[in-house]
Amino acid sequence: MQRNGSNNMTDYKNTLNLPDTPFPMRGDLARREPQMLARWQAQQRYQQIRAAKRGKPLFILHDGPPYANGDIHLGHAVNKVLKDVIVKSKTLAGFDAPYVPGWDCHGLPIELQVEKKHGKSIPPAQFRQLCRNYAQQQIERQKKDFIRLGVLGDWEHPYLTMDYKTEADIIRALGKIHQRGYLYQGYKPVNWCLDCQSALAEAEVEYEDKESPAIDVSFEVKILAVVDKAFGVSLPGDAKVQVVIWTTTPWTLPANQAVCVHPELEYDLIRTSKGYLILAYDLAASCLARYGLGGDNDRGDGMAATCKGAALEGLLLQHPFYDRIVPVICGEHVTLEAGTGLVHTAPAHGLDDYFVGQKYQLPADNPVGDDGKFVASMPLVGGLFVWKANDVVIDSLKNSGHLLHVEKMKHSYPHCWRHKTPIIFRSTPQWFIGMENKGHQEKDAVESLIQEKREHGAAVAHHGSASLRDIANQAVEATDFFPHWGRARLEAMIRNRPDWCVSRQRNWGVPMPFFVHRETGELHPRTTELVEQVGLRVEQAGIEAWFDLNSAELLGDDAAHYRKLSDTLDVWFDSGATHEAVLRKRDELCFPADLYLEGSDQHRGWFQSSLLTSCAINGRAPYRQLLTHGFTVDEKGYKMSKSRGNGIEPQDICNRFGADILRLWVASTDYSGELSLSEEILKRVVESYRRIRNTLRFLLANTSDYDPGKHALPVGQWLEIDRYALALTKILQDEVTADYARYEFHLAVQKLHTFCSEDLGGFYLDILKDRLYTAGENSEARRSAQNALYHITHSLVRLMAPILSFTAEEAWEVLSGNDDQSVFVGEWYSVPDPQMDKDGMQAWLKITAWRGKVNKQLEEARSAGLIGSALAAEVDINVAGADHDVLARLGDDLRLVLITSRATVHRVATEADQHIDVSASLHDKCERCWHYRDDVGADMQHPTLCGRCASNLFGSGEVRRYA
C-alpha cells in the first residue's frame, strides 16, 4: 500500500526479490512418483537415453537374474537399486550403459508351486507348460515392483532363461563345454536332497545345526601277524585286536568298504579289558576315557607299541555286521580334530571317501534309493529310511559288542536351502564339469585372457597344460573386486570345490540333449552336430522340442542303440551360461561384461557358475569386475525374515515414503557389510532427504528469473564468495564422481549431504539470502549470485540423479524447462573454472572458521537475552596475525558474511589475546532488510529504510566486492 505526500508509506515486502518455483517443498513422493513413471514410460525415456548415448564407449553391467518366484523383498530392492545407481552414473560419465534385466525361470521351486496347486499326477508336457505360465506371472509381478523403484532398463525386452532362443543357447553352451573336453559322466557321491529327490549344487546347500548319534565302532583284525609286523610285537595267538572308528552317520556303515588312517600319524596298540585297541596316539587318552577304559592320562592296562599309519596299510578287518572283509587304507584327509584318527570309509557316501576309494579301487556301490530308503535286498536295513536306519545299526552294534560308545552330538550339517532339511551324500550316475580336466581352449580366447592378465600384472600360465581349476584361478586373479576381500573368498571356493554336478532329475529345466549308447554308456560320436540340431529345434519350440523328439529323427538307424537322456541342467548352469546366451546374443551388449553385481552368497552361486562356464568355453571370466553387497538386517543385526516378523518390505516403503527414500537408504549404507534398516533409520533418511530437497528448492526458486543467455557474467566479474562457492562445487563434483567410479556410494551421499547442509545451507545460501532478496533485481551483485547458483544447481542435480532419480528428474524439468527430456541424456556438468587459487581458498576457509566462532558467541548472547536475532547484534573481532588481514580485507562485507548489522576487526598482538565481543545494536531496524543501521531514515522520502535499501530501490544500488 502506498500513500502520496510526506506520509508516503510503502509495503516494502513487495519490493523484495522473493523466490518462486513450481518445485514444491513437500515431495509427496509416494503419490507423485507413479505419475512420473507413467509419463516416462509414455515418453520412452529409456529408449531416448539409448539413442542419445549411441556411439559412446560401452559399459555393460550384466544382470544376475532373480528367480521368478514370489514378490520382491528388501534384498531384491538393494540389489536392483545398486545396479541402477551404477548404470546411471556410468551414463552420466559418458558411457553407453544399457541395462537388460533378466529372470531365472527353471528349477525346483517353480515345480513345487505348480505341484502345490495342481498336484503331481499331471502329464509332463502339461506340467512344464504350467511351470512356464507360473514363471511368467511371477515375472510380471516382480517387474512392476522393480520399475516402481525407478530402475531404468529395457523392461519391455528382458532376458528370460525360459525364452526359446535362450534355452537353445544354454544348450549350445553345454555343447561347447563338452566339445572342449570338460564334461564327463561319473558315478560319484553328490549332495542329495531327500525331499527334492535330486542332486544339489554346492550353492544350493547351507549349513545348520543338527543333532546326530556319534558312535565309536570296533572292527576286528583278521590276521594278527600283520599287526605283529606293523608294531614290532608278538601277540598271543588268541589275542583280540580291533581298530576303532568314529562316525556321526551310522546309516552309512552298511556301505563301508575300508578304514582309513593317515600315513604319517602315529597309532598306538593298547591293551584293554576289551582286548587290544588301535587308536591314534594323540586321541587315545580321550577315546579310552570315553569308553570307560582309562583316565585322561591313562592309556588302559598298558600301551603295547606305536607305529606310523603307513605300516597299517593292507591290514584286513571284519565288517562289524556284514560278512565282508575290508582293508585299512591310507589317506591324507584323515585329521586329529575329532574321533579316533581312523576314518570309516564309504565311497558311495562321501567325496573324500570316493577319491581315496578310487586310489584303492574300492567299490562305490550305493545301497540308498532316490527316496532315501535302502534297497529292499540290503540285509539289516533293507527298505528303511536312512534316518530310521541309524537306530537299527546302533542296536545291531550294541548286541554284537562292537559299539564302544554312543552319544547325541549337535554339529553343523549340510541342509537343502529350499526345504531346510538335512541332505545326504549318495553316489549316483551324474554328469560333471571336471575341475581337473584339461580342455581344448580356442586360441583367440586364450590370447584374450593372456593380454588381460598382462594388463593386470598377473602371471600367465599356458592353457594347454592347465586344468579348469587353474584357468578359473587365473581368471579370478585378472578380475577387480569390490570390496577387495571378495577375491580371497572366491579363490578359496575355487581352490576347494569338487567337480560340478550339472545334471538334475527334474522336469522343468533345460534338457541335456545327449544320446548315450545303451551298452557302453558313451555319447554318440556326432554329439557336437546333434547338439546344434537340437538347439535349432528348441529355438522354434522351446524345450518341448527335446522332450517330444523321436530319436530316430536325428539318429536314424542308430536310434535303436542309443538312449535319449531325460536329465535336465542344474538351474545354476542356466544363469551361469547367460554370458553366452545373452551377452553374446543381444546387439546392445557385449562379452565380457564390465561388471557382475550380486549379494555375497553369489561367490558360491552365480559368480562361480558364470566363471566356470566361461572359463570352460572362453578360457576367461565373463566379467572384468565383481561387486558384492551384504544382506539386510534389522537394527539389532538380525537377518530379516517372515518368521521373525522384522522385515520391512520395499513396497511398503514406496507406498509410505516414496522410492527415492528407499534409494537414498541403499546408497547411504556401506553395502560391503550388512545393511541395517529400521523405522528409526528410515526417519533419519527422510530428514536427510528433506535437507537435500529444501536445498534444491532454494536453488531453483532463486534462479527462476535467471536466463543464461541474458544474464551470464564472466566468472572474473563475480563476487568472491560466489567464486568460492563454485570452487567448492567443483571439488564436490570431482570427489563425488570419483566415488561413483569406485562404487563407493555411501561416501558420495555423505558428501552431497554435507555440501547441502553445511557448505550451502549452513554457509553460502545463508549469507546469500540478503543479497538475493534485497539487491536490485538486475544488479550485478544479484546476477553474480544467480550465475553461481545456476552452475551449482546444474552440477548438483546431475550428481544426485543416479541416487535420487525421481527428485532429480523433477528438478531437471524445472531447471531445463523441458519435461520431455531426461537428465540422463546429458553428462556430468562442466563446471566453469572458479578462478580462485589456493590462497583464496585458504582465506575463505579461515573466514568460515571465524564465522563459526562468531555464531557461537551470538548464540550465547541470544541465550542470555542480550539480542534477539543475529542482525540485532554488532560484533567486534579482536584477532592477531594473518587472520586479521583475511577478515579486515572484507571491509563492510564482513558483516554480510556474519549476518550481523556491524562487524569490526581489531588487531591484537597474540593469539592469546584474541576474543569476540557481541553487543546489541542501538540503531533502528530497516523495515526492508531488517539490518540495524545508523542511516535508517536518512532518506526523508523513505524514513523506515536504511541507506543501502534506498539506494537499491531508488538509486544506483549498493556496491559489493566479496559477499
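Note that the structure is predicted; figures quoted are calculated from it, not measured.
- Note: Tyr829 and His794 have parallel aromatic rings, judged against thresholds of 30 and 60 degrees for the angle between ring planes.
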Check your understanding: Given Arg782 and Asp705, is the salt bridge (charged side-chain N to carboxylate O under 4.0 Å, His left out) satisfied, shown in steps?
Key -> CA-CA 11 Å; Arg782 182 168 179 268; Asp705 68 331; 3.0 Å; yes
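- Defined by atom type and a distance below 3.5 Å, a donor-acceptor pair is present between the side-chain atoms of Ser822 and Glu809.
- Between Glu859 and Arg862 there is a salt bridge, with a side-chain nitrogen of the basic residue lying less than 4.0 Å from a carboxylate oxygen of the acidic one.
- Of the residues listed (Phe95, Phe59, Trp828), the one engaging Tyr740 in a ring-ring contact (aromatic ring centres under 6.0 Å, His included) is Trp828, and it is the only one.
- With 3.5 Å as the limit, one finds no donor-acceptor pair spanning the side chains of Trp718 and Gln835.
- Using modelled atom types, one finds no donor on one side chain facing an acceptor on the other under 3.5 Å when comparing Asn878 with His906.
- Taking a 6.0 Å sphere around CZ of Arg39, one finds it holds more than 12 heavy atoms contributed by other residues, nucleotides or ligands.
- Residue Ala785 comes nearest to Leu772 through the heavy atom pair CB-CD2, 3.8 Å, listed as atom of the first residue, atom of the second, then distance.
- Between the side chains of Gln35 and Arg32, not a single donor N or O lies within less than 3.5 Å of an accepting N or O.
- Ring pair Phe954/His942 is parallel by interplanar angle, where below 30° counts as parallel and above 60° as perpendicular.
- Partner of His931 under the side-chain hydrogen bond (donor to acceptor under 3.5 Å, both in side chains) criterion, chosen from Arg895, Arg902, Lys925, His923: Arg895.
- For the 3.5 Å distance criterion, the side chains of Glu958 and Ser951 fail to qualify, holding no donor opposite an acceptor.
- Side-chain contact check for Asn17 and Glu777: no donor-acceptor pair (N or O, by modelled atom type) lies under 3.5 Å.
- Donor-acceptor pairing under 3.5 Å is lacking for the side chains of Ser816 and Asn818.
- Of all heavy-atom pairs between Lys88 and Ala801, the closest is CD-O, 4.5 Å.
- With salt bridges taken as basic N to acidic carboxylate O contacts below 4.0 Å, none links Asp84 and Lys80.
- Using a 4.0 Å cut-off between charged nitrogen and carboxylate oxygen, Asp770 and Arg948 count as a salt-bridge pair.
- Side-chain contact between Leu664 and Phe657 is absent, with no heavy atoms from C-beta onward closer than 4.5 Å.
- Between Asp96 and Arg54 no salt bridge is recorded (no basic side-chain N to carboxylate O distance below 4.0 Å).
- Between Glu33 and Arg148, at least one side-chain nitrogen of the basic residue sits less than 4.0 Å from a carboxylate oxygen of the acidic one, meeting the salt-bridge criterion.
- For Glu911, the CD atom sits in a loose shell: 12 or fewer heavy atoms of surrounding residues, nucleotides or ligands are nearer than 6.0 Å.
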Exercise for review: Could you check Glu687 against Arg690 for salt bridge (charged side-chain N to carboxylate O under 4.0 Å, His left out), going step by step and ending with a plain yes or no?
Suggested key: CA-CA 5 Å; Glu687 285 304 312; Arg690 284 176 180 158; 2.6 Å; yes
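- The minimum heavy-atom distance linking Gln48 with Asp820 is given by the pair NE2-O, 2.9 Å.
- The aromatic rings of Tyr671 and Phe745 sit tilted, their planes meeting at an angle between 30° and 60°.
- Checked by atom type, the side-chain pair Asp913/Thr910 shows a donor-acceptor distance below 3.5 Å.
- A salt bridge between Asp766 and Arg851 is present, with a side-chain N of the basic residue lying under 4.0 Å from a carboxylate O of the acidic one.
- Between Phe824 and Trp812, the distance separating the two ring centers is not shorter than 6.0 angstrom.
- Counted by atom type alone, Tyr12 and Thr944 present zero donor-acceptor pairs between their side chains at under 3.5 Å.
- In the displayed structure, Lys683 atom NZ is contacted under 6.0 Å by at most 12 heavy atoms of other residues, nucleotides or ligands.
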**Study point:** Derivation of the salt bridge (charged side-chain N to carboxylate O under 4.0 Å, His left out) call for Asp660 and Arg693
**Key:** CA-CA 11 Å; Asp660 264 2; Arg693 185 176 185 91; over 6 Å; no
